[in-house]
Q: 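Below are the structure tokens for one structure; questions will follow.
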Protein chains: 2
Amino acid sequence: MSYTYEYPRPALTVDCVVFGLDDEDLKVLLIRRGVEPFAGRWALPGGFVRMDESLDGAARRELEEEAGIRPGHLEQLYTFGAPGRDPRGRVVTVAYFALVKLSDHVLHAATDAREAAWFPVWRAPKLAFDHADVLAMALRRLKGKVRYQPIGFELLPPKFTLTQLQRLYEVILERELDKRNFRKKLLAMDLLEELDEVEQDVSHRAARLYRFDHRKYKQLEKTGFNFEL
Amino acid sequence: MSYTYEYPRPALTVDCVVFGLDDEDLKVLLIRRGVEPFAGRWALPGGFVRMDESLDGAARRELEEEAGIRPGHLEQLYTFGAPGRDPRGRVVTVAYFALVKLSDHVLHAATDAREAAWFPVWRAPKLAFDHADVLAMALRRLKGKVRYQPIGFELLPPKFTLTQLQRLYEVILERELDKRNFRKKLLAMDLLEELDEVEQDVSHRAARLYRFDHRKYKQLEKTGFNFEL
DNA sequence: CCAAAAGTGTTTCACTTACACCCATGA
DNA sequence: TCATGGGTGTAAGTGAAACACTTTTGG
């Protein structure tokens with residue numbers, strides 16, 4: 001059936017939804033397009049998949065090239081291939097979903113002459129192509145996954161306070177959580193290493209810092225343990 | 001940036017993992033390959049995506065063409081694109097995951113001159129390409145999803161007994177469930193319509209038949225109800 | 001009357017939820 | 001000393017899990 005190779009082929013791209021978190025908001029990384037179609041519009045970082053690289057590899061390369069970002073968590077999200085999604089012709093895109101520690105990634109002005117910026121996810125500008133759909137799906141995935149996999153930590157600095165962690169969940173899940181119950185539950189999991197340090201430069205009692213214990217999590221995972229909210 | 005279109009493009013296919021359930025086993029639909037590579041080997045049904053059809057559309061078309069199947073549930077699973085996965089060259093495949101009522105799909109011998117058959121998922125033959133990985137991922141997805149979405153019903157006939165339903169979950173989740181707790185929980189959800197009929201032709205007390213109430217589920221979904229196990 | 005599966009309730013235990021006050025710190 | 005967030009425990013309610021016998025039917 002090698003004649004099948006003579007079929008015309010769609011173009012193949014990857015696009016990445018990269019989330020970050022700061023004191024104000026959950027943020028998403030966008031790039032301003034320089035060329036048609038959608039010149040001037042904001043869009044997800046992404047680009048064409050090369051013949052010799054994996055899909056994950058393409059996603060990582062594009063993030064590095066377009067924004068100098070190496071995400072702490074990267075996973076495939078969904079593949080979008082509706083025939084009309086790119087006005088230039090048939091382009092199928094494999095969308096990825098990534099989390100970064102914003103503190104590590106202050107954008108040092110547009111790596112490859114493009115404009116890159118973080119936008120609050122709930123107030124993103126109008127996006128190019130079907131990227132609004134991609135973003136929406138990524139948010140749904142984040143909201144779902146954060147509850148049963150400890151990926152949220154990839155949005156925080158290595159050392160964080162329980163209040164920061166709680167705020168992370170509140171922002172992502174879009175609801176308030178009870179402080180005492182939250183702390184009880186998380187500490188009971190025994191996945192947070194309690195440090196002998198406190199946050200600095202606050203004008204009130206300084207909170208204790210914790211670190212997520214990846215090693216312990218991997219152990220527990222094997223024994224059938226399930227992280228849950 | 002339309003020069004990018006001159007990049008060489010990977011070929012794009014879809015492959016489908018179709019599950020069915022009978023009295024013995026959870027089954028997966030396989031097609032025997034007629035040509036190289038992997039001639040004679042069993043593989044997932046699938047084929048090339050046409051320029052004018054959606055990815056879902058391609059999956060449905062291939063299932064129809066290769067096995068005469070119209071699945072009750074079809075969803076995108078994952079996109080596999082490791083550079084070496086097809087010996088002929090770069091082929092990226094969008095994998096789908098489908099459920100059918102086996103009773104509706106007794107295979108009427110190979111629609112397009114190919115051999116198609118149902119295999120027990122835990123005893124599938126050696127598969128072509130990376131299809132074993134695809135199957136493994138589909139199983140993981142099924143196992144996960146069946147617990148929080150009522151898709152299992154797509155594997156059963158429209159009218160079924162609670163015992164059949166329980167067996168379905170036991171087979172998929174690979175563990176035994178307590179009969180009383182199972183019935184209590186499911187009936188409490190109020191999603192099963194109790195019919196005035198019983199199963200036929202059994203040599204013991206006949207069990208009552210139930211029907212899944214899709215309509216009611218859609219209602220409840222809106223009100224924030226969550227199906228769970 | 002025997003075999004086979006259908007059908008049915010209660011208790012225990014664990015976890016979730018709701019809820020309010022004192023403490024430590026820096027300004 | 002005041003403002004700000006940090007940190008803590010208990011009681012009530014809800015849901016999960018464990019568990020065994022009687023009923024119905026056909027052979």
Side-chain angles (χ1 to χ4, degrees), chain A residues 21-24 146-148 150 156-157 159-171 173-211 220 223-229, chain B residues 21-24 146-148 150 156-157 159-171 173-211 220 223-229:
Chain A
L21 185 75
D22 66 14
D23 313 314
E24 289 136 35
V146 87
R147 291 183 51 183
Y148 65 90
L156 293 179
K159 300 174 182 182
F160 50 84
T161 68
L162 292 180
T163 301
Q164 283 181 290
L165 186 59
Q166 180 176 342
R167 215 185 60 84
L168 182 155
Y169 281 100
E170 289 179 334
V171 168
L173 299 177
E174 293 181 284
R175 65 189 167 95
E176 301 205 327
L177 301 173
D178 180 87
K179 181 162 65 161
R180 279 171 293 191
N181 294 336
F182 180 80
R183 293 160 100 94
K184 216 183 311 168
K185 189 156 186 182
L186 273 171
L187 293 176
M189 287 183 194
D190 198 31
L191 285 172
L192 299 185
E193 187 184 353
E194 181 173 325
L195 303 176
D196 288 327
E197 288 177 73
V198 293
E199 58 181 343
Q200 298 299 318
D201 304 318
V202 288
S203 69
H204 52 77
R205 175 172 176 182
R208 161 160 264 128
L209 291 172
Y210 292 81
R211 185 157 45 193
L220 284 176
T223 76
F225 166 85
N226 276 318
F227 179 90
E228 208 170 318
L229 178 81
Chain B
L21 185 75
D22 66 13
D23 313 314
E24 289 135 35
V146 87
R147 291 183 51 184
Y148 65 91
L156 292 179
K159 300 173 182 181
F160 50 84
T161 68
L162 291 180
T163 302
Q164 283 180 291
L165 186 59
Q166 180 175 344
R167 216 185 59 85
L168 181 155
Y169 281 100
E170 289 180 334
V171 167
L173 300 177
E174 292 181 286
R175 65 186 166 95
E176 299 205 329
L177 301 173
D178 179 84
K179 181 162 64 161
R180 280 172 291 188
N181 293 336
F182 179 82
R183 294 161 100 94
K184 216 182 311 168
K185 187 155 186 182
L186 273 172
L187 293 175
M189 287 183 196
D190 196 32
L191 286 172
L192 299 185
E193 186 183 354
E194 182 173 324
L195 303 176
D196 287 327
E197 288 177 74
V198 294
E199 58 181 344
Q200 299 299 319
D201 304 318
V202 287
S203 70
H204 53 77
R205 174 172 177 181
R208 162 160 263 127
L209 291 172
Y210 292 82
R211 186 158 42 193
L220 284 176
T223 75
F225 166 85
N226 275 318
F227 180 91
E228 206 170 318
L229 179 77

Q: Over how many whole Å does the gap from A/L162 atom CG to D/dG5 atom P extend?
A: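 Distance, rounded to whole Å: 16 Å.
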Q: Between atom CG of A/L162 and atom CG of A/L209, what is the distance when rounded to the nearest 0.5 Å?
A: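 Between atom CG of A/L162 and atom CG of A/L209 there are 9.5 Å.
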Q: In this structure, how many angstroms lie between the P atom of D/dT8 and the CG atom of A/L187, rounded?
A: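 That distance rounds to 8 Å.
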Q: Kindly say whether, by distance alone, the side chain of B/K184 makes a donor-acceptor pair under 3.5 Å with the base of C/dT10?
A: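 Per atom types, the contact qualifies.
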Q: Which parts of nucleotides 21-27 of chain D does protein reach within less than 4.0 Å, heavy atoms only, written one letter per nucleotide 5' to 3' as B for base, S for sugar-phosphate only and - for none?
A: --BBBSS
Q: Could you tell me whether A/T163 contacts a base, only the sugar-phosphate backbone, or nothing, with contacts defined as non-hydrogen atoms closer than 4.0 Å?
A: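 Contact class for A/T163: sugar-phosphate only.
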Q: Once you round to the nearest 0.5 Å, how far does CD of A/Q164 lie from OH of A/Y210?
A: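 Reported to 0.5 Å precision, the distance equals 12.5 Å.
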Q: Is it the case that the base of C/dA6 and the side chain of B/R180 share a donor-acceptor contact (distance under 3.5 Å, atom types as modelled)?
A: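 Between C/dA6 and B/R180, which were checked side chain against base, a qualifying N/O pair under 3.5 Å is absent.
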Q: Write down the distance between CG (A/N181) and P (D/dG6), rounded to a whole number of angstrom.
A: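 In whole Å, D/dG6 P lies 17 Å from A/N181 CG.
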Q: Using whole Å, what does the distance between atom P of nucleotide C/dA5 and atom CD of B/Q166 come to?
A: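 Atom CD in B/Q166 sits about 13 Å away from atom P in C/dA5.
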Q: Calculate the interatomic distance between A/D201 atom CG and D/dG5 atom C1'; express it in whole Å.
A: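 So the two atoms are 16 Å apart, to the nearest Å.
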Q: Measure the distance from CG on A/L177 to P on D/dG7 and round it to the nearest whole Å.
A: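 To the nearest whole Å, that distance equals 17 Å.
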Q: Donor-acceptor pair, distance only, cut-off 3.5 Å: does the side chain of B/E170 make one with the backbone of B/L177?
A: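 Judged by distance alone, yes, a pair lies under 3.5 Å.
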Q: With rounding to the nearest 0.5 Å, note down the distance linking CZ in A/R208 to OG1 in A/T163.
A: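 Rounded to the nearest 0.5 Å, the CZ-OG1 separation comes to 13.0 Å.
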Q: Measure OH/A/Y210 against P/D/dG7 and give the value in whole Å, please.
A: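 Going from OH in A/Y210 over to P in D/dG7 covers 6 Å.
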Q: How close or far is atom P of D/dG15 from atom CG of B/L229, stated in whole angstroms?
A: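 Rounded to whole Å, this separation is 15 Å.
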Q: What is the distance from atom CG of B/L173 to atom CZ of B/R147, rounded to the nearest 0.5 Å?
A: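 The distance works out to 6.5 Å.
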Q: Between A/Q200 (side chain only) and A/V198 (backbone N and O only), is there a donor and an acceptor less than 3.5 Å apart?
A: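 Yes, the answer is positive, given that a donor and an acceptor are paired below the 3.5 Å cut-off.
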Q: Without swapping roles, check the side chain of A/E199 against the backbone of A/A207 for a donor-acceptor pair under 3.5 Å.
A: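 Yes; judged by distance alone, with no hydrogens or angles, the pair exists.
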Q: Can you find an N or O donor on one side and an acceptor on the other, under 3.5 Å apart, linking the side chain of A/K185 with the base of C/dT17?
A: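 No such pair is found, so the answer is no.
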Q: Using a heavy-atom cut-off of under 4.0 Å over every strand shown, decide if B/R208 touches base, sugar-phosphate, or nothing.
A: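 Sugar-phosphate: the residue B/R208, judged by heavy atoms under 4.0 Å, touches backbone atoms but no base.
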